[in-house]
Undergrad: 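Okay, here's the structure, questions in a sec.
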Amino acid sequence: MQVGLHYAGGLEGTYEKSLRLFYKNIFNSCENLKGFLQESMLHDFSVEVHGLKAALASIGHSALADLAKQLELASKEYNVTFCQDTLPQFLASSIALANRLERIFAQSADDVALAQGDNAMLQQFIADIFDAVDNFDRELAVSLVSQMAEYHFSDENDAIIRNIGHALDDFDFELSLSLIENLTFST
């Protein structure tokens, strides 16, 4: 952890964002690696594992970063056997790390007491976020989601608001709009 925090300039918020970004992307990256290796797409495999190597180093997980480096070098040398033999261990360790992060994130979310949101706030949020997304104003939409994430509406609405934020992170305005439509008012 200290190494990753050092890479983040000692800024805990920046380090946490790096951890969350790693967590958000690791499952897709693992699937990509398996697919690239199965299809013998070693250049794509090398590019994907290179990105994971950098991500793992930036969060301070040097052992997995070193294993990613070995996979990257082997793929560049067309050493398919090494990649096939080593990838399962790398994937299992990466997923185990992601699972530990998920537990940490869940625990830290439980530790934060959120103010109770009400229907009027939710109604205003829906109008504002809909306008922002409809106008492709991602910056405003992300800001609105960040503000609303500080309130608790219902478990379902809270999850939808988080998912709107994830969709905006991916610049998926269409998904954001469909998620907004799923927000419900309490009775």
Side-chain angles (χ1 to χ4, degrees), residues 1-9 11-109 133 136 138-139 141-142 145-146 149 159-180 182:
M1 179 176 159
Q2 292 303 319
V3 173
L5 190 56
H6 172 75
Y7 286 139
L11 302 171
E12 289 181 14
T14 301
Y15 181 57
E16 182 180 347
K17 284 181 183 177
S18 296
L19 290 171
R20 288 185 183 277
L21 184 61
F22 172 82
Y23 172 76
K24 179 182 174 208
N25 294 319
I26 188 60
F27 298 102
N28 284 337
S29 290
C30 287
E31 288 302 313
N32 289 343
L33 287 173
K34 286 192 287 189
F36 293 149
L37 190 56
Q38 287 172 350
E39 299 295 323
S40 298
M41 299 170 64
L42 293 181
H43 174 74
D44 294 331
F45 180 93
S46 176
V47 170
E48 188 80 30
V49 80
H50 174 81
L52 282 172
K53 176 184 72 175
L56 288 161
S58 75
I59 63 172
H61 204 300
S62 57
L64 267 178
D66 288 342
L67 192 54
K69 180 179 180 179
Q70 292 173 27
L71 284 165
E72 178 185 10
L73 293 174
S75 64
K76 287 181 177 179
E77 296 170 355
Y78 301 99
N79 187 344
V80 175
T81 302
F82 179 84
C83 293
Q84 289 172 332
D85 292 345
T86 308
L87 184 62
Q89 174 194 350
F90 178 78
L91 296 176
S93 297
S94 296
I95 297 300
L97 174 59
N99 290 335
R100 285 193 305 273
L101 289 173
E102 182 175 40
R103 287 190 298 274
I104 291 167
F105 296 151
Q107 182 181 359
S108 66
V133 171
F136 301 101
R138 181 179 171 274
E139 187 175 324
V142 167
V145 168
S146 295
I160 292 170
I161 290 169
R162 283 192 303 276
N163 288 332
I164 292 168
H166 295 313
L168 291 168
D169 287 343
D170 294 335
F171 293 86
D172 192 337
F173 293 97
E174 186 175 316
L175 177 58
S176 299
L177 287 171
S178 69
L179 288 168
I180 292 166
N182 292 322

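All values derive from a computational prediction rather than experimental measurement.
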Undergrad: After noting the C-alpha distance and the side-chain angles of Leu73 and Gln70, does the key distance pass the side-chain contact (heavy atoms from CB on, under 4.5 Å) rule?
TA: CA-CA 5 Å; Leu73 293 174; Gln70 292 173 27; 6.0 Å; no
Undergrad: Identify, with sequence neighbours excluded, every residue that meets side chain to side chain contact (heavy atoms under 4.5 Å, CB included) alongside Val142.
TA: Arg138, Ser146, Leu168
Undergrad: Mark yes when over 12 heavy atoms from residues, nucleotides or ligands other than Lys17 sit less than 6.0 Å from its NZ; otherwise mark no.
TA: no
Undergrad: Give me each pair satisfying salt bridge (charged side-chain N to carboxylate O under 4.0 Å, His left out) with a member in residues 57-70, each pair once, sequence neighbours excluded.
TA: none
Undergrad: Restricting to side-chain hydrogen bond (donor to acceptor under 3.5 Å, both in side chains), what partner residues turn up for Ser29, sequence neighbours left out?
TA: Glu48
Undergrad: Which atom names give the shortest non-hydrogen contact between Ala68 and Val49, and what distance separates them?
TA: O-CG2, 3.7 Å
Undergrad: Nearest heavy-atom pair of Ala65 and Ala57: which atoms, and what distance?
TA: CB-N, 3.8 Å
Undergrad: Among residues at least two apart in sequence or on other chains, which ones pass salt bridge (charged side-chain N to carboxylate O under 4.0 Å, His left out) with Lys53?
TA: Glu72
Undergrad: Rounded to the nearest 0.5 Å, what separates atom CG in Leu56 from atom CG in Leu67?
TA: 9.5 Å
Undergrad: Is the closest side-chain heavy-atom distance between Arg20 and Glu16 below 4.5 Å?
TA: yes
Undergrad: Looking only at non-hydrogen atoms, find the nearest pair between Ile161 and Val145 and report the distance.
TA: O-CG1, 3.6 Å
Undergrad: Report the C-alpha separation of Cys30 and Ile26 in whole Å, then their side-chain angles, then the decisive distance to 0.1 Å, and conclude whether the side-chain contact (heavy atoms from CB on, under 4.5 Å) test is met.
TA: CA-CA 6 Å; Cys30 287; Ile26 188 60; 3.9 Å; yes
Undergrad: Nearest 0.5 angstrom please: His50 NE2 to Leu71 CG, how far?
TA: 14.0 Å
Undergrad: Rounded to the nearest 0.5 Å, what separation is found between the CG atom of Leu33 and the OG atom of Ser75?
TA: 9.0 Å
Undergrad: Kindly compute the distance separating CG (Asp172) from CG (Asn163), expressed to the nearest 0.5 Å.
TA: 11.5 Å
Undergrad: Supply the atom-to-atom distance Leu179 CG to Arg162 CZ, rounded to the nearest 0.5 angstrom.
TA: 12.0 Å
Undergrad: Passes side-chain contact (heavy atoms from CB on, under 4.5 Å), Ser94 versus Leu52? Steps please.
TA: CA-CA 10 Å; Ser94 296; Leu52 282 172; 5.7 Å; no
Undergrad: Could you pull out the closest heavy-atom pair between Ser176 and Ile164, with the gap in Å?
TA: OG-O, 3.9 Å
Undergrad: Name every donor-acceptor pair, under 3.5 Å, that has one atom in a side chain of residues 78-93 and the other anywhere in the protein, sequence neighbours excluded.
TA:
residue, atom, partner, partner atom, Å
Asn79, OD1, Phe82, N, 3.0
Thr86, OG1, Phe82, O, 2.8
Ser93, OG, Gln89, O, 3.1

Undergrad: What residue pairs, at least two apart or across chains, pass salt bridge (charged side-chain N to carboxylate O under 4.0 Å, His left out) with a residue in residues 27-44?
TA: Glu31-Lys34
Undergrad: Tell me the closest heavy-atom pair linking Asn182 and Ser178, and the distance in Å.
TA: ND2-O, 3.3 Å
Undergrad: Looking at CZ of Phe22 and CD1 of Ile59, how far apart are the two atoms once the value is rounded to the nearest 0.5 Å?
TA: 4.5 Å
